[in-house]
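All values derive from a computational prediction rather than experimental measurement.
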Amino acid sequence: MDTLRDRLAELADDAPTGGEPAAELWARGTRTHRLRAAALAAAVLVVGIVSTGIGIRLADGDGDHSAPAPVPASTVGISLPIQYPVGEDLPDLGAAPGPLAAIWLVPHFGGPPEAVGLVAETGTFGTLPIDLPAEDDPDIPENVEVALSPDGRRIAYPSVTSSLVVHDLVSGRDSSPLSEFETRSGYTWVDATHLVGHVAGGSDADGWVWEPGTTPKPVNPYPYLQGYRGRNIWVFIDGGGPRSCSSTVLADSTGRVQVPVLCDVIGFIGSSFVLGHWNSDRLHGDWNNPDDGNGTVVALNIRSITTHPFGSAAPRPGGEFDDPALHHVVVTAGAPTRVAFATDLLGQTLDTRDGAS
Amino acid sequence: MNGYVDFEAFVVARRDALLRTAYLLTGNHHDAEDLVQSALVKVVPMWTRIQDRPEPYVRKVLVRESVSRWRGRRWREVTTDVVPEATRHDTADRADRISLLEDLRRLSPRQRAVLVLRYFDDLTEADTAAALGISVGTVKSHTRDALARLRHQQSGEEQRVAT
């Protein structure tokens, strides 16, 4: 009988060959590198125009009728640009700091990462006292990740004792499913209260949906995550100016598409060096060296999208669409890989600032 | 164009080998091509630093990109219980390839990556751990779980055929 090694080698014989000329790949690589540098400059330019501060009153539960306990109306105190407190010890935000605008993990290789949050109401950076497992814990099947609900009120993460904890940042209360519940790490909030993930050891179609306080229900997660696709688009600022962006290649049920988008750069939080996160483009970086990161967090307000068949410059017939969720996308350009944004909260902020947007 | 000549030589010499790994990681021709091109584009800015020994770095980018893409794009993947029907011209080898492809697709992306790196690229456990950014212990547990899952899937397949 053939070994697995033999079978993999035979299967690999079906692999495609060839591809774009090396010169084209080289040109794209150098162009991307330039664009990322230009992204920071573009963000600074636009921030200079819009940096008068936001101070926006949030509307109550706009269109989200499934949310049983909307966050009380509050003032978002984020002004742009937000200055990260370089070199300062961050305060402990406590168990109930209120909704967060963003959260990310500062890795400490060999130990648990530190969760850093940006409080939406005050614009304060600080650490969150949550018991994350160490990154290299062999009992944790995937890397540690924290998911932030779209309204910024809840975070979901694996703890040292449970594969899933939801922490309410307003009440300070924790929720976990029953003890026999086991999940892969990496969950997705599909709205303010419902979390979707995959069953540990199951196939990609073995998932669950859970509203804290209830029992998780087994589901095929794809329909849930398909509805969430708008928030998964990563956009890079293009060289054509602050209103021109480009996305990575995406795919949907109709095949691969390229998605040019038109957007406004709203501002940035953090800077190109102070976040100090590991970035997939910097595999040789020192995770613990704050000067070695290159993350720049940029807020964008997406205006319109045109889809193209893959490899074609001609738009797909009927491929223009206007997804309301995309207006709320806040994305990262060359940013830390694991920033989670309160997309609805920030989207409402952007909409309010833009008036009739 | 500093470094371009070396880059071009590397692409010409090693792209097909990268595509073989990428095909096992993705199970799809288009995704494999896209993954390799994306990895090659990503390493261009670092080329002068890695050109003396680029392949480990390129493969590290390739495999991590494959895992992170799957996470960000779960919505686009569609699973099916229906294995493509083999035509009368398909050989037993062909059927075995399709079966293995389906079995690999049912693994988690990281389990799949561990198997491909360990049993196709012949990396050590330590090198596999470094490539994926995980511990050796996690590589061991993923390997154990993935092999058990493959065996389980194959035995189930054989039982279905027997009945």
Side-chain angles (χ1 to χ4, degrees), chain A residues 2-5 7-20 22-23 25-26 28-30 32-33 135-143 184 186 188 198 201 203-205 220-222 224-229 232 234 248-253 256 278 280-284 310 337, chain B residues 1 4 7-8 11-12 15-16 19-24 29-30 32-34 36-37 40-47 49 57 60-61 64-65 68 71-79 93 96-97 100-101 105-106 108 110 115-116 119-120 133-135 137-138 140-142 145 147 149-150:
Chain A
D2 288 346
T3 64
L4 176 60
R5 188 170 274 105
R7 296 179 70 206
L8 287 171
E10 288 172 5
L11 180 58
D13 289 342
D14 291 340
T17 57
E20 286 187 29
L25 299 174
W26 181 266
R28 282 170 55 194
T30 52
T32 301
H33 187 56
E135 284 276 5
D136 58 353
D137 186 338
D139 293 325
I140 303 299
E142 304 284 355
N143 281 344
R184 296 185 201 167
T188 300
H198 286 81
S203 76
D204 294 351
N220 180 337
Y222 291 110
Y224 291 88
L225 299 173
Q226 189 164 7
Y228 189 75
R229 64 187 172 83
N232 282 334
W234 284 60
T248 55
V249 174
L250 301 173
D252 59 15
S253 58
R256 297 193 308 168
W278 174 78
S280 61
D281 286 342
R282 294 175 62 90
L283 297 176
H284 295 316
F310 184 73
T337 56
Chain B
M1 298 292 278
Y4 171 69
F7 177 79
E8 182 183 34
V11 171
V12 169
R15 171 152 46 192
D16 285 353
L19 281 165
R20 287 167 65 83
T21 298
Y23 181 62
L24 295 179
H29 279 197
H30 290 304
E33 291 168 358
D34 197 38
V36 169
Q37 289 184 179
L40 290 171
V41 167
K42 278 194 165 190
V43 302
V44 165
M46 276 72 74
W47 191 258
R49 287 160 50 189
Y57 184 85
K60 189 181 288 187
V61 173
R64 291 193 182 186
E65 178 82 0
S68 64
R71 284 182 173 176
R73 294 159 54 186
R74 286 170 213 177
W75 58 270
R76 53 161 293 210
E77 298 189 22
V78 177
T79 58
D93 285 346
D96 181 61
R97 291 183 191 185
L100 179 59
L101 200 58
R105 282 178 178 154
R106 293 191 184 102
S108 77
R110 189 155 284 161
L115 281 193
V116 170
Y119 292 97
F120 179 69
I134 58 180
S135 69
T138 305
K140 289 178 178 174
S141 64
H142 276 317
D145 294 347
L147 290 175
R149 195 168 172 79
L150 280 184

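Contact of the A:Asp14 side chain with the B:Leu101 side chain is not registered, since no non-hydrogen atoms from C-beta on lie closer than 4.5 Å.
In terms of the salt bridge (charged side-chain N to carboxylate O under 4.0 Å, His left out) criterion, B:Asp16 has no residue partners (sequence neighbours excluded). Remark: A:Arg7 pairs with B:Asp96 by the side chain to side chain donor-acceptor pair (under 3.5 Å) rule, at least two apart or across chains.
The aromatic rings of B:Trp47 and B:Phe7 lie perpendicular to each other, with more than 60° between the two planes, well past the 30° mark.
Using a 4.5 Å cut-off between heavy atoms, B:Leu100 touches chain A through backbone and side chain atoms alike. With a 4.5 angstrom heavy-atom cutoff, B:Leu19 touches chain A via backbone and side-chain atoms both.
Chain A forms more heavy-atom pairs under 4.5 Å with one residue of B:Leu147, B:Val43, B:Val44, B:Val36 than with any other, namely B:Val44.
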